[in-house]
Amino acid sequence: MSTPTCFSLSSTDDHVAHLVLSRPEAMNTMHPTFWRELDEVLTKLHTEGTARALVISSTGKHFSAGMALETFSGAIAMDDQSPEGRAAIFDLLTDMQATFTKIENLRIPVICAIQGGCIGGAVDMVTAACIRYCTADAFFCIQEINIGMVADVGTLQRLPKLVPFAVVKEMAYTGRRLPAQRALAYGLVNEVFDTAETMLTAALQCAKEIASKPPIAIWGTKQAVTYARDHSVEDSLRQMGWLQGAIWSNAHVRESIVAMKEKRAGAFTPLSALQSFKALG
């Protein structure tokens, strides 16, 4: 993977990966390079299996101002003049949606640390994460309606799973900003912090705690929680039985208990690196 230009990626000794949006001069707007680099980073983290939690934070006044508007008049051709062109919009959006879905499907938990504006495509992005922290000056805005379009990369599908349905409709229909304290009251964010520094410290600490658990148990927990969100209790309990039967480890349970008693970090096997079948030939 080439060195990204829209992000910086680092890791800690505690197996925490930290991805930082690094174009504050452009308010971390999203354009094709942003999408490509994010997709490459997420694929790398998913495949390697060395990181045990991911923190996504940003730089500058705003977390992200969403899609770069010039993209619509340049890099992305949205042809509405023919049925063939309109059909191609479907495939274009499916490809874009797949990148943010990689956040949701990543084998490790993802924590977003959000300062300032989280606008348009940025809402699509953070709603795919597991945990969201924000600063007191943060706000969330479904900006798409303000520029004459429907939000189309995940917000309208994931946000109703996180906050009351009427709140989603108000945000989506009006394009109004949802401030940090209301986002906290509705459950969109887990905690609000006075400064970006204290927020990032808390996000990294949470990631460190997650990374101290057996990676396969965290993987199984994420699988079960995500499945339960979209299925009935009965179906989810059945899935839980198959899942637990597949990943149960007496050794991990013993090590967790002994490490807790001895007040030390547990020693756990990392997730296996993934292989691409297509790359084996």
Side-chain angles (χ1 to χ4, degrees), residues 4 6-28 34 37-38 41-42 44-45 48 50-65 100 103-104 106-119 122-123 125-140 162-163 177-215 217-219 221-222 225 256 259-260 263-268 270:
C6 300
F7 305 91
S8 64
L9 178 65
S10 60
S11 59
T12 71
D13 294 336
D14 301 306
H15 307 288
V16 173
H18 185 193
L19 183 65
V20 183
L21 282 63
S22 58
R23 295 180 65 247
E25 72 286 353
M27 293 193 291
N28 297 297
F34 177 102
E37 291 182 353
L38 178 62
V41 168
L42 294 172
K44 172 183 168 69
L45 292 170
E48 288 182 345
T50 53
R52 301 183 181 181
L54 170 63
V55 172
I56 300 177
S57 67
S58 189
T59 51
K61 183 178 180 180
H62 298 297
F63 178 81
S64 172
F100 286 165
I103 296 175
E104 187 170 70
L106 202 64
R107 292 195 286 165
I108 58 177
V110 180
I111 302 169
C112 283
I114 304 153
Q115 87 283 1
C118 183
I119 301 166
V123 180
M125 182 178 181
V126 304
T127 52
C130 301
I131 296 168
R132 284 158 294 277
Y133 292 156
C134 77
T135 55
D137 68 346
F139 63 88
F140 302 82
L162 300 170
V163 304
R177 295 178 175 185
L178 180 73
Q181 288 300 329
R182 283 185 65 197
L184 177 65
Y186 292 138
L188 178 57
V189 299
N190 295 65
E191 194 167 349
V192 175
F193 297 85
D194 290 333
T195 68
E197 292 75 20
T198 56
M199 171 187 63
L200 182 56
T201 297
L204 290 169
Q205 176 58 35
C206 182
K208 179 180 178 180
E209 290 179 36
I210 292 169
S212 71
K213 318 300 183 186
I218 293 293
W219 176 88
T221 301
K222 184 173 181 180
V225 169
S256 296
M260 185 168 50
K263 297 182 179 180
R264 59 170 176 82
F268 302 112

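Positions are given from 1, in the same order as the sequence printed here.
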Test side-chain contact (heavy atoms from CB on, under 4.5 Å) on Ile111 and Ile210 and set out the steps.
CA-CA 11 Å; Ile111 302 169; Ile210 292 169; 4.1 Å; yes
Starting at [atom1] of [X], measure out to [atom2] of [Y] and round the result to the nearest 0.5 Å.
X      : Y      : atom1 : atom2 : result
Leu42  : Arg107 : CG    : CZ    : 13.0 Å
Phe193 : Cys134 : CZ    : SG    : 9.0 Å
Leu19  : Cys6   : CG    : SG    : 10.5 Å
Leu9   : Leu45  : CG    : CG    : 5.5 Å

Closest contact, heavy atoms only, [X] versus [Y]:
X      : Y      : answer
Ala51  : Ile108 : O-CG2, 3.2 Å
Val123 : Cys118 : CG2-O, 3.2 Å
Asn28  : Ser22  : OD1-N, 3.4 Å
Phe140 : Ala183 : CE1-CB, 3.8 Å
Cys130 : Lys222 : SG-CE, 3.8 Å
Gly116 : Thr135 : N-OG1, 3.6 Å

Would a distance-only check, ignoring hydrogens and angles, find a side-chain to backbone donor-acceptor pair under 3.5 Å from Gln115 to Asp137?
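Absent.
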With no hydrogens and no angle check, is any side-chain donor or acceptor of Arg132 less than 3.5 Å from a backbone partner on Leu188?
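Flag set: sc Arg132 to bb Leu188 pair under 3.5 Å.
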Are the side chains of [X] and [Y] in touch, meaning some heavy atoms are under 4.5 Å apart?
X      : Y      : value
Leu21  : Ile56  : yes
Ile119 : Phe63  : no
Lys213 : Thr221 : no
Ser64  : Ser58  : no

Any residue meeting side-chain contact (heavy atoms from CB on, under 4.5 Å) with Thr50, in chain and number order, not counting sequence neighbours:
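Only Glu48 meet the side-chain contact (heavy atoms from CB on, under 4.5 Å) criterion with Thr50.
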Donor-acceptor contacts, no H, no angles, side chain residues 195-206, under 3.5 Å, sequence neighbours left out:
| residue | atom | partner | partner atom | Å |
| --- | --- | --- | --- | --- |
| Thr195 | OG1 | Thr198 | N | 3.1 |
| Thr195 | OG1 | Thr198 | OG1 | 2.9 |
| Thr198 | OG1 | Thr195 | N | 3.4 |
| Thr198 | OG1 | Thr195 | O | 3.0 |
| Thr201 | OG1 | Glu197 | O | 3.0 |
| Gln205 | NE2 | Glu209 | OE2 | 3.4 |

Where does the angle between the aromatic ring planes of Phe34 and Phe7 fall among parallel (under 30°), tilted (30 to 60°) and perpendicular (over 60°)?
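Answer is tilted, since the angle falls between 30° and 60°.
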Show, in sequence, the C-alpha distance, side-chain angles and deciding distance for Leu184 and Gln181, and conclude whether the side-chain contact (heavy atoms from CB on, under 4.5 Å) test is met.
CA-CA 5 Å; Leu184 177 65; Gln181 288 300 329; 3.9 Å; yes
Side chain to side chain donor-acceptor pair (under 3.5 Å) pairs, two or more places apart, involving residues 184-193:
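Sorted result for residues 184-193: Arg182-Tyr186.
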